[in-house]
Amino acid sequence: MTGFTTDFSNVQEFSEFKEQPYEMIVFDAYEAPNNNGKLRVVIDYVVRNDVQQEKQNAHLWDEQYRQKDTNKYHMGILMGKAKALGIPEGKHYDSFEVFLNDFKGRVAKVTVKLDEYNGEKRPKARFTNTSDFPSCHHVWKEKNNNLQATDLKDDELPF
């Protein structure tokens with residue numbers, strides 16, 4: 001049996017979001033139903049690691065639901081986010097999906113508020129403003145690309 005030694009040099013301690021602004025980059029933006037079937041826009045922000053700040057690489061999901069009286073999104077809020085993300089005025093999109101897809105990889109300064117729900121404090125994106133650092137050099141966490149494909153013949157499969 002081969003031994004090993006524990007190494008905690010790469011362990012990061014968990015810390016909570018604080019009520020403050022964070023420089024973030026959009027990892028993903030899309031429209032999808034929640035668990036109850038209500039449609040909403042989801043913006044998956046990541047705290048940038050090219051700016052000295054707490055919570056680097058942490059995700060923060062921002063949701064915007066359709067208004068109950070019109071069943072439409074509040075376009076003032078969405079356009080405010082688009083403006084803060086640096087999307088130019090007057091840009092045309094062929095679909096809402098393409099519009100949200102344009103959010104990906106764009107940066108903004110997002111102010112976090114802690115909302116209390118069922119006795120738990122949860123971070124929420126409160127304001128989205130133009131980034132103080134528009135030139136972005138964020139490095140995405142690497143995925144494990146060491147997986148190798150294996151060629152199997154049909155008669156080798158257990159089903």
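Residue indices begin at 1 and follow the sequence shown.
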Trainee: More than 12 heavy atoms of other residues, nucleotides or ligands under 6.0 Å from CD of Q67: is that the case?
Mentor: yes

Trainee: Are T111 and Q20 close enough, and set up right, to give a side chain to side chain contact (heavy atoms under 4.5 Å, CB included), and what steps lead you there?
Mentor: CA-CA 5 Å; T111 301; Q20 65 185 33; over 6 Å; no

Trainee: One thing to verify: whether K124 and D62 come together as a salt bridge, which I'm taking to mean a side-chain N less than 4.0 angstrom from a carboxylate O.
Mentor: no

Trainee: Distance-only, no hydrogens or angles: does the R40 side chain make a donor-acceptor pair with backbone N or O of A32 under 3.5 Å?
Mentor: yes

Trainee: For a side chain to side chain contact (heavy atoms under 4.5 Å, CB included) check, start with the C-alpha distance between V41 and F96, then their side-chain angles and the critical distance, and finish with the verdict.
Mentor: CA-CA 10 Å; V41 169; F96 191 59; 3.8 Å; yes

Trainee: How close do H137 and N49 get, counting heavy atoms only, and between which atoms?
Mentor: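 So the minimum-distance heavy-atom pair works out to O-OD1, 4.4 Å.
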
Trainee: Do the side chains of K38 and E63 get close enough for a salt bridge, i.e. N-O under 4.0 angstrom?
Mentor: no

Trainee: Any heavy-atom pair between the side chains of I87 and F103 that's under 4.5 Å?
Mentor: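 Yes, at least one pair of side-chain atoms sits under 4.5 Å.
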
Trainee: When hydrophobic residues are tied together by side-chain contacts of less than 4.5 Å, even through go-betweens, does L39 share a cluster with L100?
Mentor: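 The answer is yes; both residues are in one hydrophobic cluster.
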
Trainee: What about H59 and F27, are their ring centers closer than 6.0 Å?
Mentor: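 Ring centroids of H59 and F27 are less than 6.0 Å from each other.
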
Trainee: Apply side chain to side chain contact (heavy atoms under 4.5 Å, CB included) to Y93 and D102, showing your working.
Mentor: CA-CA 9 Å; Y93 294 95; D102 198 13; 2.3 Å; yes

Trainee: Walk me through it: do K113 and D115 pass the test salt bridge (charged side-chain N to carboxylate O under 4.0 Å, His left out)?
Mentor: CA-CA 6 Å; K113 178 182 185 239; D115 279 353; 3.0 Å; yes

Trainee: Between Y22 and E54, do the side chains contain an N or O donor and an N or O acceptor separated by less than 3.5 Å?
Mentor: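 On atom types as modelled, these side chains do not qualify, holding no pair under 3.5 Å.
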
Trainee: Side chains of F127 and V110, heavy atoms from C-beta outward: is any pair under 4.5 Å?
Mentor: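 Side-chain contact under 4.5 Å: no.
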
Trainee: Considering residues, nucleotides and ligands other than Q52, do more than 12 of their heavy atoms fall under 6.0 Å from its CD?
Mentor: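 Open: at most 12 neighbouring heavy atoms sit under 6.0 Å from CD of Q52.
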
Trainee: I77 versus Q64: any side-chain heavy-atom pair under 4.5 Å?
Mentor: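 Yes; the side chains approach each other to less than 4.5 Å.
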
Trainee: Mind checking whether V46 and F17 sit in one hydrophobic cluster, side chains of I, L, V, M, F, W, Y counted as touching below 4.5 Å?
Mentor: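 No, because V46 and F17 fall into different hydrophobic clusters, even though each may have its own neighbours under 4.5 Å.
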
Trainee: For a 4.5 angstrom cut-off between non-hydrogen side-chain atoms, does L60 reach V47?
Mentor: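 Heavy-atom side-chain distance check fails, nothing below 4.5 Å.
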
Trainee: So, do I25 and C136 sit near enough that their side-chain heavy atoms are less than 4.5 Å apart?
Mentor: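 Yes, at least one pair of side-chain atoms sits under 4.5 Å.
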
Trainee: Report yes or no: do Y117 and V112 belong to one cluster of Ile/Leu/Val/Met/Phe/Trp/Tyr joined by side chain heavy-atom distances under 4.5 Å?
Mentor: no

Trainee: Where is the tightest heavy-atom contact between A108 and A84, given as atom of each residue plus distance?
Mentor: CB-O, 4.2 Å

Trainee: With distance as the sole criterion, is a donor-acceptor pair present between the side chains of Y30 and D44 under 3.5 Å?
Mentor: no

Trainee: Working to the nearest 0.5 Å, report the span between CE of M24 and OG1 of T128.
Mentor: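 Answer for the CE-OG1 pair, M24 versus T128, is 9.0 Å.
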
Trainee: Mind checking whether K81 and I43 have side chains closer than 4.5 Å, heavy atoms only?
Mentor: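 SC-SC contact between K81 and I43 confirmed.
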
Trainee: Which atom names give the shortest non-hydrogen contact between G86 and R106, and what distance separates them?
Mentor: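 What the structure gives for the nearest pair is O-NH1, 3.2 Å.
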
Trainee: For the residue pair N34 and N36, what are the closest heavy atoms and their distance?
Mentor: OD1-N, 2.8 Å

Trainee: With distance as the sole criterion, is a donor-acceptor pair present between the side chains of D50 and H138 under 3.5 Å?
Mentor: no

Trainee: Answer yes or no: are there more than 12 heavy-atom neighbours, outside E97 itself, under 6.0 Å from its atom CD?
Mentor: no

Trainee: Walk me through it: do Y73 and E31 pass the test side chain to side chain contact (heavy atoms under 4.5 Å, CB included)?
Mentor: CA-CA 11 Å; Y73 295 109; E31 182 181 42; 2.7 Å; yes

Trainee: Are the side chain of R126 and the backbone N or O of L114 linked by a donor-acceptor pair below 3.5 Å?
Mentor: no

Trainee: Take atom CG in N35; do more than 12 heavy atoms of anything else shown fall under 6.0 Å from it?
Mentor: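 Counting other residues, nucleotides and ligands, CG of N35 stays at 12 neighbours or fewer.
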
Trainee: Are more than 12 heavy atoms, taken from residues, nucleotides or ligands other than K104, located less than 6.0 Å from that residue's NZ atom?
Mentor: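 Correct, the count exceeds 12.
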
Trainee: Quick check: do L85 and V107 have side-chain heavy atoms less than 4.5 Å from each other?
Mentor: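 No, too far: nothing below the 4.5 Å cut-off.
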
Trainee: Would you mind checking if E23 and R48 are paired as a salt bridge, meaning a charged N to carboxylate O distance below 4.0 Å?
Mentor: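 So R48 pairs with E23 through a salt bridge.
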
Trainee: Can any side-chain N or O of R66 pair as donor or acceptor with the backbone N or O of N71 at less than 3.5 Å?
Mentor: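 Indeed, once roles are kept as given, a pair shorter than 3.5 Å links the two residues.
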
